[in-house]
S.K.: 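This is the structure I want to talk about, given as structure tokens.
From a predicted model like this one, the values you see are computed outputs, not experimental measurements.
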Amino acid sequence: MENENTKRSRGIFINIGERTNVTGSAKFKRLILNGEFDEALEVAKQQVDAGAQIIDVNMDEAMLDSEKAMVKFLNLIASEPEISRVPIMVDSSKWSVIEAGLKCVQGKAIVNSISLKEGEEKFIEQAKLIKRYGAATVVMAFDEEGQADTLERKYEICERSYRILVDKVGFLPEDIIFDPNVFAVATGIEEHNNYGVDFIEATRKITSNLPHCHVSGGVSNVSFSFRGNNAVREAMHSVFLYHAIQAGMDMGIVNAGMMTVYSEIPEELRERVEDVILNRRDDATDRLLDIADKYKGVKGEEKKEDLEWRSGTVGERLSHALVKGITTFIEEDTEEARQKAEKPLQVIEGPLMDGMNIVGDLFGSGQMFLPQVVKSARVMKQAVAYLLPFIEEEKVEGENSSNGKILMATVKGDVHDIGKNIVGVVLQCNNYEVIDMGVMVPCEDILAKAKEEKVDMIGLSGLITPSLEEMCTVASEMQRLDMDLPLLIGGATTSKVHTAVKIAPNYKGPLVYVLDASRAVGVAGQLLGEQTRKKFTAEIAKEYHDMRVKYEGRNKSDNQISINEARENKFKIDWNGYTPDKPTFTGLKTFSEYDFSDLVETIDWTPFFRTWELAGTYPRILTDEVVGKSATELFNDAQVMLQKIIDEKWLRAKAVIGFWPANSVGDDVVLYEDENRTEILDTVHFLRQQMKKRSGKANMCLADFVAPKETGIQDYLGGFAVTAGIGIEEKLELFKGEHDDYNDILLKALADRFAESFAEHLHLRVRKEFWGYAPEETFNNEALIKEKYRGIRPAPGYPACPDHTEKEGLFTLLNARQNAGIELTDSMAMLPASSVSGYYFAHPESQYFGLGKISKDQVEDYANRKGMDLRLAERWLSPNLAYERR
């Protein structure tokens, strides 16, 4: 039997307009950033005119003074009767912004939102303040363990929140609006299929058992997997609302001007959408996908997909699917091809490889680009996965149709594998069998696997500089074992010179540096071809020998000065009259569950395209005559996944920052326990440029930018560690299980961009807020990317301070493992891989530079200062040594 609360809720639905939200409306954001508040008021008015009964106002934007913008906009709304007649929802992830907004709103406001994610104490504190302001509040189904995604968790958190608010705070239940989290359905991931049902049934249980409260939700989230198909999305919103309102949902964040009437949805579309929303059949998503394109375009207007290619032969259809990266019909067509073939293996050797040969030719001729090739590989892998069970049944001993078998691995201590994975995909597209051992693979495991699998060549990858040493170790061990397999070298820190000078002397077998994925197929073909291997190997060996002779013949000491001379020529700062800005706190500040939507605006997209070997600068690359189309398609795919990362909480972002009283002592920076500066907390060791400089140019060291101890000036140094990769492994496993290299690589690339953006975003907050030495800074994202601001954030392992071992001290100071969830491998790589760490320098003259080559007198001095064995110091600094190690 229904209770009165459920009856009251049915038939009453309040539209919450979402367009006055800088995170939800590009137009509104642009107007606010440009200071065009009068025009922004028009957006609010349009929302009210279109039927919004509450308007959600959000000013959470890195380039805004959010509090100031919120106050200004709400005060303007108060003077507009046509807008102020509806309640205001003050929306922010920052409590200070919410409280500033509450002080401005006339009448009863609504807070969006509070939750139990930081525990009961914080929850009660905020609820009491909301009650004091006479406001209602949205309560998210989020607690200390995370966001609720099942019926049981949704209700459990809401019931607990209700009891605290009503029984402990004395909150009116009518002022409680629960948001049990609307998540996307029809994503292709089985675990997501019941998300719609879970929300609807949680709503029913909440309204039945928690009297007088309300239920709301972000309706558009449910349809996000159909982004770009407005007709299907609007149908999904309408069907979802129809059932959720029946269950007791009485509010929702919707675009009030874009709603389809439930009864007016075409019957075929409504049935299939309903199957998805209510999870009524296992193939609901596939059935909706089958008809989705019919309805794409203007609301209610059918758009027929061009399926002319479906009328070709099965071989032609498979080729088309491979070239275009279409997986929709791949199993159906593969099965048809299998029925026509004598053996299932012939489908791979015949039509599938014919299609991949076309892909390879197009890629090789520059008519197709890497993102498209990776999509093609996804189609191929799904077809092969379908055929494998049939092949196993008929397997003939020794049967092998591939061009060769290649083992690939990221070497011990290194965790980066995007480049390796891309090379592997390209090789597979060209009929090479690839055995990918993953990351952090010890030398002995690589060579044992190579022997076990009888591979034709080995490929080594690495990103951080210690990987270069490990590659030398692998080469030496291959020589000791009298192996003669071709050895391929690749990765961001590798180079042809390093391969020739450092690795080649350790191995007499074929050894080749591979610049990028586009070169890999040609190199592999030359090395494994009976007619080409001998000549190609001899040419490479000669080239590397000549390069090594030339390199070793240089008189490196000619360009070096002693460390004492370099210190005499240090970067000189006039410290007289300089008073360093004092941070707002010393010690540590942690950030858990940082909102990814706050990080979007500070993403630098140019390196994202470089990851995919697309040359150009964003945004110009999108209109480039050569790669523009491919770049745009990739960027659009990235935007879809980016939104899923945000909406569906695919990843978690955590960080820790710290500030310490500090002074420089020579080339070191001493950190103190407290402002008394009597007890030393730690010492950070830096290195100084030693190359000869022309007159007026200094031999710089990072310690030059911190006030020397003898000046008596009380200076400071900061540090940080951020990650955007927590939780990524679960998603990558899903993609791996679906043979989906494209989304695997796309997610890794986006996680890296988010991590870099997080570092940039926090640095901005450090300058404006936490250290506060540039509170009025107003740079746009382009200026941020070009680092036009005051202060620097160099990272251990990079040009100004190349010693990776300094990360150990930094991580200890920050307690980064506990506070940010980041660990260090033996080679000082960070896990998760999508992580960034470094120091904060605030002096106006601080700047980035490259250390360059250094001499033995400095290395000896440095090892002594660190209390480190000289040979170990030389090993870590080997790329920077201006002399040969003994």
Side-chain angles (χ1 to χ4, degrees), residues 1-16 18 51-54 56 87 89 108-116 123 127 130-131 135-143 147-183 185 194-222 236-254 256 259 262 274 277-280:
M1 184 175 174
E2 296 173 315
N3 65 24
E4 289 301 313
N5 193 51
T6 305
K7 288 180 182 177
R8 175 188 61 79
S9 296
R10 288 191 179 170
I12 301 172
F13 184 79
I14 296 172
N15 288 333
I16 303 171
E18 62 176 350
Q53 293 141 303
I54 295 172
D56 179 275
M89 181 176 278
K108 194 175 190 75
I110 303 166
V111 168
N112 188 11
S113 61
I114 62 173
S115 75
L116 286 163
F123 183 73
I130 293 169
K131 182 187 174 190
T137 189
V138 175
V139 180
M140 300 297 295
F142 204 124
D143 66 4
Q147 203 165 14
D149 58 357
T150 64
L151 165 60
E152 293 73 23
R153 285 266 296 145
K154 290 175 192 289
Y155 180 75
E156 173 196 333
I157 294 172
C158 290
E159 182 188 40
R160 179 185 167 203
S161 302
Y162 184 91
R163 295 267 68 95
I164 293 169
L165 289 170
V166 174
D167 299 340
K168 294 185 180 180
V169 181
F171 218 86
L172 289 174
E174 295 92 339
D175 288 344
I176 301 171
I177 305 163
F178 286 115
D179 185 337
N181 305 325
V182 180
F183 294 129
V185 295
N194 216 50
Y195 278 168
V197 177
D198 283 335
F199 182 95
I200 292 165
E201 292 308 314
T203 298
R204 197 183 314 280
K205 195 169 182 179
I206 289 165
T207 54
S208 296
N209 295 287
L210 308 177
H212 309 298
C213 68
H214 305 275
V215 173
S216 179
V219 176
S220 61
N221 292 349
V222 78
M236 292 178 75
H237 300 164
S238 183
V239 169
F240 177 80
L241 277 173
Y242 178 82
H243 292 283
I245 290 170
Q246 296 256 342
M249 182 181 182
D250 53 1
M251 293 184 184
I253 297 178
V254 297
M259 288 295 295
Y262 177 83
E274 211 144 28
I277 296 295
L278 300 180
N279 195 17
R280 293 194 301 209

S.K.: Could you work out, with ring pair (Phe, Tyr, Trp, His ring centres under 6.0 Å) as the rule, every residue matching Phe240, not counting sequence neighbours?
M.R.: Phe199
S.K.: Ignoring hydrogens and angles, tell me if any N or O in the side chain of Asn112 forms a donor-acceptor pair with the backbone of Met89 under 3.5 Å.
M.R.: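 Between the backbone of Met89 and the side chain of Asn112 there is no qualifying donor-acceptor contact (under 3.5 Å).
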S.K.: Any idea which heavy atoms bring Asn181 and Ala141 closest together, and the distance?
M.R.: ND2-O, 2.9 Å
S.K.: For residues Phe171 and Ala135, report the shortest heavy-atom separation together with the two atoms involved.
M.R.: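 Minimum heavy-atom contact is CZ-O, 3.8 Å.
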S.K.: Using the test side chain to side chain donor-acceptor pair (under 3.5 Å), find all partners of Asp175 that sit at least two apart in sequence or belong to another chain.
M.R.: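 Side chain to side chain donor-acceptor pair (under 3.5 Å) check on Asp175 returns Lys108.
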S.K.: Nearest 0.5 angstrom please: His212 NE2 to Tyr162 OH, how far?
M.R.: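 With rounding to 0.5 Å, NE2 (His212) is 6.5 Å from OH (Tyr162).
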S.K.: Can you measure from CD (Gln147) to OG (Ser115) and round to the nearest 0.5 angstrom?
M.R.: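 One finds 9.0 Å between CD of Gln147 and OG of Ser115.
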S.K.: Heavy-atom distance under 4.5 Å between the side chains of Asp179 and Ser113, does that happen here?
M.R.: no
S.K.: Can you tell if the side chain of Ser161 reaches within under 4.5 Å of the side chain of Phe142, non-hydrogen atoms only?
M.R.: no
S.K.: Nearest 0.5 Å, please: how far is CG in Asp149 from NZ in Lys154?
M.R.: 7.0 Å
S.K.: Could you check Phe123 against Val139 for side chain to side chain contact (heavy atoms under 4.5 Å, CB included), going step by step and ending with a plain yes or no?
M.R.: CA-CA 10 Å; Phe123 183 73; Val139 180; 4.1 Å; yes
S.K.: With respect to Val138, which candidate in Ile110, Val111, Asp56 satisfies the side chain to side chain contact (heavy atoms under 4.5 Å, CB included) definition?
M.R.: Ile110
S.K.: Evaluate the side-chain proximity of Val166 to Ile176: yes if any heavy-atom separation is below 4.5 Å, no if none is.
M.R.: yes
S.K.: Report the C-alpha distance between Val185 and Ile277 in whole Å, list the side-chain angles of each, state the deciding distance to 0.1 Å, and finish with yes or no for side chain to side chain contact (heavy atoms under 4.5 Å, CB included).
M.R.: CA-CA 7 Å; Val185 295; Ile277 296 295; 4.2 Å; yes
S.K.: Which atom names give the shortest non-hydrogen contact between Thr203 and Met249, and what distance separates them?
M.R.: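 In terms of heavy atoms, the two residues are closest at CG2-N, 3.3 Å.
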S.K.: Look at the side chain of Thr207 and the backbone N and O of Ala247, then say whether any donor-acceptor pair between them is shorter than 3.5 Å.
M.R.: yes
S.K.: Among all residues two or more places apart in sequence or in another chain, which pass the salt bridge (charged side-chain N to carboxylate O under 4.0 Å, His left out) test with Asp143?
M.R.: Arg153
S.K.: Tell me every residue that passes side chain to side chain contact (heavy atoms under 4.5 Å, CB included) with Ser216, counting only those two or more places apart in sequence or in another chain.
M.R.: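 For Ser216 the side chain to side chain contact (heavy atoms under 4.5 Å, CB included) partners, ignoring immediate neighbours, are Ile16, Ile177, Met251.
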S.K.: Checking His243 against Glu274 for the side chain to side chain contact (heavy atoms under 4.5 Å, CB included) test, could you report, in this order, the C-alpha distance in whole Å, the side-chain angles of both residues, the deciding distance, and whether it holds?
M.R.: CA-CA 9 Å; His243 292 283; Glu274 211 144 28; 2.5 Å; yes
S.K.: Please give me the minimum heavy-atom distance between Cys213 and Asp250, naming the atom from each residue.
M.R.: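 Closest pair (atom of Cys213, atom of Asp250, distance): O-OD2, 4.5 Å.
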S.K.: State the NE2-CD distance between His214 and Glu174, to the nearest 0.5 angstrom.
M.R.: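 Nearest 0.5 Å value for the NE2-CD distance: 7.0 Å.
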S.K.: How would you list, by chain and number, every residue that makes a side chain to side chain donor-acceptor pair (under 3.5 Å) with Asp198, sequence neighbours excluded?
M.R.: Asn194
S.K.: Which atoms form the tightest heavy-atom contact between Val215 and Gly248, and what is the distance?
M.R.: CB-O, 4.4 Å
S.K.: Under the ring pair (Phe, Tyr, Trp, His ring centres under 6.0 Å) test, which residues partner Phe183, sequence neighbours left out?
M.R.: Tyr195
S.K.: Please report the shortest heavy-atom distance between Val219 and Val182, naming the atom on each side.
M.R.: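 Closest approach of Val219 to Val182: O-CG1, 4.3 Å.
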S.K.: With rounding to the nearest 0.5 Å, note down the distance linking CG in Leu165 to CD1 in Ile114.
M.R.: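 Rounded to the nearest 0.5 Å, the CG-CD1 separation comes out at 5.5 Å.
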S.K.: Apply side chain to side chain contact (heavy atoms under 4.5 Å, CB included) to Glu152 and list each qualifying residue two or more places apart in sequence or on a separate chain.
M.R.: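 With neighbours one apart ignored, the set is Thr150.
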S.K.: Can you name the residues that form a salt bridge (charged side-chain N to carboxylate O under 4.0 Å, His left out) with Arg160, not counting sequence neighbours?
M.R.: Glu120, Glu144
S.K.: Working to the nearest 0.5 angstrom, can you tell me the gap between Glu159 CD and Ile164 CD1?
M.R.: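 The CD1 atom of Ile164 is 11.0 Å from CD of Glu159, to the nearest 0.5 Å.
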